[in-house]
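Here the structure is laid out as structure tokens; the discussion comes afterwards.
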There are 2 protein chains.
Amino acid sequence: MTTIKDLAGIVGVSHSTVARALNDHPAITPAVKARVRAAAEAHGYIANAAARALRVQSGALVGFVVPDIEENDMAAMAKAIAECVNATGRQLVVACSGDAPERELAHVRALVGARAAALVLMPSENPLPETLALLGRLPTVQLVRRVAALAAEAFVFDDEAGIQEATAHLLALGHRRIGYVGGSETVSTGAARLAGYRRALREAGLAEDPALVSTVAPHGPAAAGAFRLLFEAARPSAIVLGGPRITLGAAEAVAELRLNVPGELSLVGFGDRAWMRWWGPGLSTVALPARELAQACGSHLVDLLRAVPRQGEAEGQAHAGALAPGLMLRGSTAPPLRGATAPPLRGATAPPPAGQAARKVPRPRPG
Amino acid sequence: MTTIKDLAGIVGVSHSTVARALNDHPAITPAVKARVRAAAEAHGYIANAAARALRVQSGALVGFVVPDIEENDMAAMAKAIAECVNATGRQLVVACSGDAPERELAHVRALVGARAAALVLMPSENPLPETLALLGRLPTVQLVRRVAALAAEAFVFDDEAGIQEATAHLLALGHRRIGYVGGSETVSTGAARLAGYRRALREAGLAEDPALVSTVAPHGPAAAGAFRLLFEAARPSAIVLGGPRITLGAAEAVAELRLNVPGELSLVGFGDRAWMRWWGPGLSTVALPARELAQACGSHLVDLLRAVPRQGEAEGQAHAGALAPGLMLRGSTAPPLRGATAPPLRGATAPPPAGQAARKVPRPRPG
DNA sequence: CTGAAAGCGCTAACAT
DNA sequence: ATGTTAGCGCTTTCAG
């Protein structure tokens, strides 16, 4: 590998001059810069990032530590954030914790060891104290979940608003026995979503029936089981789903139970996937602005990093806070069968405006 | 940050003894090792990866350069490969090239600068010569596509076999006008898939009708358009899809055209997604063993790297070569309407064995 | 404007 | 078995 010393020998200047020329130092003659650059080009010089990192005590890496890069829209978010950090000459290291605190710690530790410039973290349910301590050492932002013990600002969806809206929609349709199956309350997202469900009920003056809510580990099969149980035991006329994996499981369960949606049961999913347009009558869902969130997170990140700029700096106006999901209406919700008998609601829960963000895609007629 | 020198001062030994103790050098007294480790633990020592990389001339990073981490099963593959490299104490850097040769080069260059230990690359359609030259500098494996100009071994699907099998299945059902819409022949996957289609035809003694094949940029809308065009102009009784994005586009087109599948048209998709079980009658598809491929790739990678082992070494029997996809039969294929009039085929294209890998999932009855 | 020199934290001879 | 020493390639004072 060519080094600045090699180039120095070739051009006939000192290695520090080469370094300055390459870094576009103002106090170097344009002529010298040109000669140095030509030599660098000619010999395929590539700066040694390790040496630089050692010297400046901060590397060109940004960590992306999440439970699972396959889940939710993590891949999309990784891409968006990578784009941001690439624009500042840095690179994104992805690490999957599998929601295991020890793996999370191991990755954070490795990233600290690699002198990562910053970290974006979707925290596990219960980060170890040691992890938290490490996180204090470098600029960190939380991504989809928020952990109170962590000072770092968080870029999250407004889960509560999303589920609240979904539940209110069902309420407005005349449903009174609305079920909720979602993830555990021990993570911020699970808690917020359940809170949204409860708020909608409360605002409609309805009491919560514990039999109608089920929180469960966010795995397909578990969710399918919980869904089935809740449906058969409590016989709701509608169900709100509180997570992407929950939604997947529910879709399976609906298929197995051969449920008529929305005839027998109205359904609102969580997250937005292409298949939801083709699924049965089309699955209404709480659509998450994942790319937007990631973009916001990414540009905030480059702001944090601007103090130590590299290559082609990108400017971005950062703003933390929660992004509101939108309710995407398709064919899976309708008034309940005996909707006419539903007592009127108190408050301003008018029926939803027609055509609101609705998109309906015809599906193939099965042969 | 605590350094080995700090620890040396604390324990009362030289910094090289500390280094040896930490690296479990055999010539260090267990007692000293224990004291050093205790001190390291107590002070939260984390080794500086940059310094180590600078010294040993090779870092703990592995690059993962692909067109788009959202597409295909790249996220799943990234996860599988990350797991492998993590097991050797290394970290995965993901980089999206967007299939743009310059971005690909930029990423490879950065990775070389970071002294990445190895690279897994899904090459763009036409890597720049400079990229190819750089790739010679570090252990590289190609992932899903294969570029002839690259010496590196490749882990790819047996695309030709997959499409061939799909086409043969349709042939066996009695179809004679079978269409193909796939990606460009300029990438290895596109070429292999088209070759599979052609081979099936040839083996059945059928001539190819150019009107029945269409290659197109692998984007949803473009694919939908090409699909529609081919269907309306050539009126095939079945169509084979040559890519995941093509399949997505075709699904859209089928919905728009309100096609009766498999009544009017039999269809075989490419790639396997959950929605395919719920789509119309269930979409038969060429299922790709993505995780297996990535696992093979990953364990081969650690083999390449074993010469420079780190932490908890993982053993793996590497083997390059093409992994065969499996045909996943669902409800989207059936004999053609006028199938009885189809001339018998020459050769051993018997009807498919009943129940072959078939999985049928009931779907919700639309309300 | 450019050169000389120091040093980032670590590893690996080469001494003891 | 442990200490001494010399760099890895780069940035960055400090001199000239």
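Within every chain, numbering begins at 1; the chains are lettered A, B, ... in the order of the sequence lines, protein sequences first and strands thereafter.
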Margin query: Tell me whether B:Ser184 contacts the main-chain N or O of B:Thr186 through its side chain, where contact means a donor paired with an acceptor under 3.5 Å.
Written below: yes
Check: Toward the 5' end of DNA chain D, which comes first, B:Val13 or A:Leu54, by nearest nucleotide?
Finding: B:Val13
Next item on the list: Indicate the atoms forming the closest heavy-atom contact of A:Asp99 with A:Arg145, along with that distance.
Entry: OD1-NH1, 3.0 Å
Item checked: Nearest-Å distance for atom pair NZ/P, residues A:Lys5 and D:dC10 -> 10 Å
Next item on the list: Could you tell me the separation between the CZ atom of A:Arg52 and the P atom of C:dG7, rounded to a whole number of Å?
Entry: 20 Å
Next item on the list: Look at the side chain of B:Asp73 and the backbone N and O of B:Ala76, then say whether any donor-acceptor pair between them is shorter than 3.5 Å.
Entry: no
Margin query: Side-chain N or O of A:Gln57 versus OP1/OP2 of C:dG7: is the shortest distance under 4.0 Å?
Written below: no
Next item on the list: Check the distance between C:dT11's P and B:Asn48's CG and give it to me in whole angstrom.
Entry: 10 Å
Check: Can a side chain N or O of A:Ser16 be found less than 4.0 Å away from OP1 or OP2 on C:dG3?
Finding: no
Item checked: Shortest side-chain distance from B:Arg55, nucleotide among C:dC8, C:dC10, C:dT11 -> C:dT11
Check: C:dT11 P sits how many Å from B:Leu7 CG, rounded?
Finding: 12 Å
Margin query: Under 3.5 Å, is there any donor-acceptor pair linking the side chain of A:His15 to the base of D:dT11?
Written below: yes
Check: NA contact type, A:Ala47, heavy-atom cut-off 4.0 Å: base, sugar-phosphate, or nothing?
Finding: sugar-phosphate
Checklist line | Protein-nucleotide distance (A:Lys33, atom NZ; C:dT2, atom P), rounded to Å | finding: 10 Å
Next item on the list: Search all heavy atoms of A:Met1 against all heavy atoms of A:Asp6 and return the closest pair with its distance.
Entry: O-OD2, 3.7 Å
Notebook entry, point to check: Can you tell me if the side-chain N/O atoms of A:Ser14 get under 4.0 Å from OP1 or OP2 in C:dG3?
Noted result: yes
Note to self: Given C:dA4, D:dC10, D:dT2, identify the nucleotide with an atom nearest to the side chain of B:Arg20.
What the structure shows: D:dT2
Next item on the list: For the residue pair A:His107 and B:Asn86, confirm or rule out a side-chain donor-acceptor distance under 3.5 Å.
Entry: yes
Note to self: Mind checking if A:Ile4 touches a base, just sugar-phosphate, or nothing, with heavy atoms under 4.0 Å?
What the structure shows: base
Next item on the list: Output yes when at least one side-chain N/O atom of B:Asn23 is less than 4.0 Å from OP1 or OP2 of C:dT11, else no.
Entry: yes
Margin query: Between A:Tyr45 and D:dG9, is there a contact of a side-chain N or O with OP1 or OP2 at under 4.0 Å?
Written below: no
